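Some notes on the structure that comes next.
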Protein chains: 2
Amino acid sequence: MLQDIIENNKKYQPGLSIDCVIFGFHDNQLKVLLIKVKHSKKWSLPGGFIPVDQDIDTAAATILNHRTGVEGIFLRQFATFGKTKRNENHFDKETLEKLNIPEEKGTWFNQRFVTIGYYALVDFLQIVPDSANTHDIVEWIDHKEVPELILDHKEILEKALDCLRTELNLMPVGYTLLPEKFTIPELQKLYETILDKKLDRRNFLRKITNIGILKKLDEKKNNVAHKAPNLYSFDKDKYEEVLKNGLNQGW
Amino acid sequence: MLQDIIENNKKYQPGLSIDCVIFGFHDNQLKVLLIKVKHSKKWSLPGGFIPVDQDIDTAAATILNHRTGVEGIFLRQFATFGKTKRNENHFDKETLEKLNIPEEKGTWFNQRFVTIGYYALVDFLQIVPDSANTHDIVEWIDHKEVPELILDHKEILEKALDCLRTELNLMPVGYTLLPEKFTIPELQKLYETILDKKLDRRNFLRKITNIGILKKLDEKKNNVAHKAPNLYSFDKDKYEEVLKNGLNQGW
DNA sequence: TTAATATGTGTTATTCTGACGCAATGTAAT
DNA sequence: ATTACATTGCGTCAGAATAACACATATTAA
């Protein structure tokens, strides 16, 4: 990819990039898929550039697919970042040398990049970080333990989480984050983790079932400590309908 | 501006622009500030390009200020648009000739442009469309009577309105759209116009006053038909507080 | 067998919402 | 002047939604 860009500047939209905040849920933790590029000490959000002949939404889906292997996943553009100094000194002389980028080609990287942020909600278990494939280290990291990131990626991540929290009040969330069959307590943990606050079990159950997007299965989760909780799945039709119409009208 | 870009490509971020949806409220109508460029039959959203040494938010504020003369106004980035063909054929050979742009310079305009959408809420009465100043025709147009627009500007406008409607449920709106003193019925009309639906007078009053952002003034509106309504103003401190914390928690 | 933990279901008081009644104020028509 | 009409201000009431909490059940660990 990098090599392609160095050799074929013209194929990519100049000064513009995409960064993806890929959320997963596992072990009651909200995880973020981060990568560490060769020669870099800091982690970063998976991102990429935009072919001039590709819609930006398509480019984002491509990047997501490239990193996770999944397709057709929930992906949402949430904000665009363009502070003048956001990528200043990122590709300095030393870095360019390390990466074997000739200096005259390096100017392409040294312009100010505006980056479009997308966040994705994926099923943790379906994604196996495949470091070998991309020559980068790819890892799921608990969002509470995200280390220092390059550039303004921490700010981008925070903003994504912020948007996700807001969206939680406007639409149902979980379909793409949980496995097909799940329990109400699991769903509640997801909500609690995203919102970073405790919710009342009984009130949560009532509210979430009232939305009408859940199907109670005639099946209990097994191999669990304590009382076996019932399994549920999403009623996809109803789910899509609510996604379209929103949850609370407000006015 | 156009001349500056033609001569100094390098000063501007290539392939990237900003478009502003400027909302105002007057005569019980939600108005949008539109412009018509010389040589164009279609109207368009006021927009501009991004100096490489300017934050995108700053660039948006500059564009807004350039068109309206106002500063420090509510301005929010809401989405970024980047379909491949969105500005295809916009600066075709004929147009370039009309605008006196040499063909080799015209290539700058013919790349795919990604545009960042901002919407602004301004006090209608404070803005006098000044066509003379910009050589373009600038006009307030009722959002229900917006004619055909260039490129995907209609889509951008729709999306802005959509976001505004959603935001209405998350935060108070009106501070920058109404004059300092206003009546509850006026505020209600604003809400009804944005949402495009009727609200119950009495329930609206209860709900809006419960938010705690209004100050009832010891003054009535005069020169009105029928019973004179009371005047209110926003309690700016409380307003800002609610803006920060949001309206409905939901969960 | 008992303690501890987590799930499933129900209750109650309070608040919020939607739908509507009615008196007060001011304009316009007769 | 009197009446009809439109608009505002304030209030009521039933039903829905919400927050806080009680109790029974299932399962494991001591």
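Numbers restart at 1 for each chain; the letters A, B, ... are given by sequence-line order, proteins then strands. Heavy atoms only: backbone and side chains are in, while hydrogens, waters and symmetry mates are out. Predicted model only: the values in this text are computed from it and were never measured.
Rounded to an integer number of Å, the gap from A:N230 CG to D:dT25 C1' is 14 Å. Atom CZ of A:R201 and atom P of D:dC23 are 14 Å apart (whole Å). Across the protein-nucleic acid pair, B:Q188 atom CD and D:dG9 atom P stand 11 Å apart, rounded to whole Å. What separates CG of A:N169 from P of D:dT18 is a distance of 11 Å, to the nearest Å. In this structure, A:K198 atom NZ and D:dC21 atom P are separated by 17 Å, rounded to whole Å. Here the P atom of nucleotide D:dA19 and the CG atom of A:N203 are 6 Å apart, to the nearest Å. A:R206 has its CZ atom 12 Å from the P atom of D:dA20, to the nearest Å. Put simply, CG on B:L205 is 15 Å from P on D:dT12, counting in whole angstrom units.
A:F74 and A:Y119 have tilted rings, their planes meeting at an angle from 30° to 60° on a 0 to 90° scale. Using cut-offs of 30° and 60° on the angle between ring planes, the pair A:Y175 and A:Y239 is tilted. Using cut-offs of 30° and 60° on the angle between ring planes, the pair B:W251 and A:F204 is tilted.
Mapped onto DNA chain D by nearest heavy atom, A:V224 and B:D200 fall at different nucleotides, with B:D200 at the one closer to the 5' end. Each of B:E186 and B:W251 was assigned the nucleotide of DNA chain D with the nearest heavy atom; the assignment lying further toward the 5' end belongs to B:E186.
Of the candidate nucleotides D:dC10, D:dC21, D:dG9, D:dC10 has the atom lying nearest to any side-chain atom of B:R202.
Side chains of A:L214 and A:I184 form a contact here, defined as non-hydrogen atoms less than 4.5 Å apart. A 4.5 Å side-chain heavy-atom check between B:R165 and B:I194 finds at least one atom pair inside the cut-off.
Counting heavy-atom neighbours within 6.0 Å of B:K83 NZ, excluding the residue itself, gives a total of 12 or less. By the neighbour-count criterion of 12 heavy atoms within 6.0 Å, atom OH of B:Y191 is densely surrounded, having more than that number from other residues, nucleotides or ligands.
At a threshold of 4.0 angstrom between heavy atoms, the contacts of A:K220 with the nucleic acid are absent.
In terms of polar N and O atoms assigned as donor or acceptor, the side chain of A:K227 never comes within less than 3.5 Å of the base of D:dT27 in a complementary pairing. For D:dA17, the base has no donor-acceptor partner in the side chain of A:N210 [N/O atoms by modelled type, under 3.5 angstrom].
Nucleotides of DNA chain C that come within less than 4.0 Å of any heavy atom of chain A span, from the 5' end to the 3' end, C:dT5 to C:dG10.
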